[in-house]
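All chains are named by letter (A, B, ...) in the order of the sequence lines, taking the proteins before the strands, and each is independently numbered beginning at 1. As the structure is a prediction and not an experimental result, all values here were calculated from the model.
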Number of protein chains: 2
Amino acid sequence: MKKYLNILKKCPLFEQIEEENLLGILGCLNAKVESFDKKYTILAEGSPAKYIGIVLSGSAQIIQIDYNGNRSILSNITPPQVFAEAFACAETPSLPVSVIADEPCEIMLIDCRRVLYTCGNNCFFHQQLIFNLMKDIATKTILFHQKIEITSKRSTREKLMTYLSLYAKEANAPSFDIPFDRQELADYLEVDRSGLSAEISKLKREGLIKCQKNHFELL
Amino acid sequence: MKKYLNILKKCPLFEQIEEENLLGILGCLNAKVESFDKKYTILAEGSPAKYIGIVLSGSAQIIQIDYNGNRSILSNITPPQVFAEAFACAETPSLPVSVIADEPCEIMLIDCRRVLYTCGNNCFFHQQLIFNLMKDIATKTILFHQKIEITSKRSTREKLMTYLSLYAKEANAPSFDIPFDRQELADYLEVDRSGLSAEISKLKREGLIKCQKNHFELL
DNA sequence: CTCCTTTTGTTGAAAATTCAACGGATTATT
DNA sequence: AATAATCCGTTGAATTTTCAACAAAAGGAG
């Protein structure tokens with residue numbers, strides 16, 4: 001566990017918690033670490049929503065696949081972000097999404113009941129964890145609002161430009177790398193891939209953006 | 001305040017709080033009640049995100065209007081639901097949405113700092129409120145997932161059927177009233193109103209649904 | 001370095017959505 | 001009860017998106 005401390009102390013779940021207490025807390029929470037290769041399923045849709053996940057290395061995606069096989073990407077998560085926490089905390093019986101390794105990654109899994117309910121020991125830290133979870137879930141809600149703002153646009157062009165503008169604002173720079181390849185970006189924006197490629201080319205020709213692979217620049 | 005107790009004791013924010021303590025807590029939170037006529041703005045986009053709202057009577061809508069004037073409806077809220085709590089708890093500087101009265105309504109507004117931070121008095125209840133907020137925001141996140149699941153479908157028909165199916169599941173009945181008129185439903189599904197009307201007619205002709213105004217039945 | 005796989009851009013045709021406009025129906029107002 | 005305002009379904013044209021197929025480019029494996 002020790003080698004993960006540098007990541008974990010930056011994790012929103014452990015905000016305001018002293019580093020020297022962290023190892024003890026992890027023990028009390030019965031935290032486990034697992035490794036996953038690229039494309040492997042970390043948490044499967046339909047399985048019990050009892051775990052709070054933390055990305056320690058690599059990256060993962062939250063996805064949903066409908067009965068037609070269409071993939072929808074809800075978000076991309078990187079260290080030291082938390083995932084699946086809302087489902088666990090809302091005590092949803094089963095997960096409505098899958099979490100997939102986007103590259104080889106190490107994931108910490110914590111049974112949410114260990115976080116939400118006290119265990120009888122000296123659990124001074126529970127209140128802080130619950131407060132942190134509340135903040136974290138609230139922040140995620142904001143991100144979902146952004147995704148809805150993006151996908152509520154009616155055209156591929158507007159969806160893309162809204163996404164890029166928000167990303168630039170977040171990155172605080174007009175030039176940045178996005179965490180998606182073309183198909184993934186299409187699945188995030190909820191549009192057709194070939195149409196998206198065509199629209200990117202058009203925006204380039206019009207001199208509104210520059211783009212090479214997943215590097216974009218707003219002009 | 002007394003006349004609102006019956007609603008407030010059912011409010012997710014006050015879960016597990018004894019009714020006899022509620023009035024005192026409301027005082028400590030400095031809760032205010034305001035009335036709004038239909039179509040009036042309860043909280044405006046861009047204003048500081050400091051209030052947690054509770055619908056005491058009537059109903060309200062969370063909406064977003066883009067630079068083209070297109071309205072997007074994020075959700076419809078009825079008593080005793082809470083709103084704007086995620087923005088307040090995430091300490092977002094300003095609201096990215098507006099809250100509008102959908103019919104005449106009474107709204108309780110609470111400054112979120114009174115909830116999140118202790119005031120020096122006998123604030124035994126803060127921990128419970130924070131726990132309740134966490135649960136409530138987590139539940140809202142699930143609802144956003146549902147909205148994304150609906151709007152990620154590529155056709156008006158699929159969006160509508162997904163919406164109706166989820167609504168029927170929620171209502172636990174094949175027949176139900178939705179809280180939207182046609183234009184509002186279109187703005188929730190993120191589609192064109194006239195196209196939506198046409199699609200509803202088509203589904204009726206095909207015998208897949210029955211519908212009169214805002215009453216729907218899945219066949 | 002070569003072969004194989006995956007990703008990406010392009011194209012054209014089919015299908016769907018949007019848009020504007022209109023009339024009928026319903027609801028609210030005076 | 002009459003009038004005004006709003007809501008709703010329909011239509012056809014214009015625009016967009018989707019879909020399928022293909023070839024070029026990039027990346028990975030041996």
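Base contact: A:Ser194 has a heavy atom under 4.0 Å from a base atom. Counting non-hydrogen atoms under 4.0 angstrom, B:Arg193 reaches a base of the nucleic acid. Here A:Asp181 lies in heavy-atom contact (under 4.0 Å) with sugar-phosphate atoms only. If you check every strand for non-hydrogen atoms under 4.0 Å, A:Ser201 touches sugar and phosphate atoms only. As judged by a 4.0 angstrom heavy-atom cut-off over every strand, A:Ser155 is placed among residues touching the sugar-phosphate backbone only.
Of the candidate nucleotides D:dC8, C:dG9, C:dT18, C:dT18 has the atom lying nearest to any side-chain atom of A:Arg154. Each of D:dG9, C:dT18, C:dT17 was ranked by its minimum atom distance to the side chain of B:Glu199; first place goes to C:dT17.
What separates CD1 of B:Ile200 from P of C:dA16 is a distance of 17 Å, to the nearest Å. Between B:Leu189 atom CG and C:dA16 atom P the separation is 18 Å, expressed in whole Å. C:dT17 atom C1' lies 18 Å from atom CZ of A:Arg157, rounded to whole Å. Distance, A:Glu184 CD to C:dT6 P: 15 Å, rounded to whole Å. Straight-line distance from the CG atom of B:Leu203 to the C1' atom of C:dA16: 14 Å, rounded to whole Å. A straight line from CD of A:Glu190 to P of D:dT18 spans 10 Å, rounded to a whole angstrom. To the nearest angstrom, P of C:dT17 lies 18 Å from CD of A:Glu158. Here D:dA13 presents its C1' atom at 14 Å from CG of B:Asp192, a figure rounded to the nearest Å.
Comparing B:Thr156 and A:Cys211 by the nucleotide of DNA chain C whose heavy atom lies nearest to each, the residue mapping closer to the 5' end is A:Cys211.
Relative orientation of the B:Phe180 and B:Tyr163 rings is tilted, given thresholds of 30° and 60° on the angle between their planes.
In this structure, B:Lys213 reaches the C:dT27 phosphate: one of its side-chain N or O atoms is under 4.0 Å from OP1 or OP2.
Between the side chain of A:Glu85 and the main chain of A:Leu133, no donor-acceptor pair closer than 3.5 Å is present.
More than 12 heavy atoms of other residues, nucleotides or ligands sit less than 6.0 Å from atom CD of A:Glu206.
The CD1 atom of B:Ile209 sits 10.0 Å away from atom CD of B:Glu217, with the distance rounded to the nearest 0.5 Å.
Counting only N and O atoms by type, the side chains of A:Glu158 and B:Asn68 include a donor and acceptor under 3.5 Å apart.
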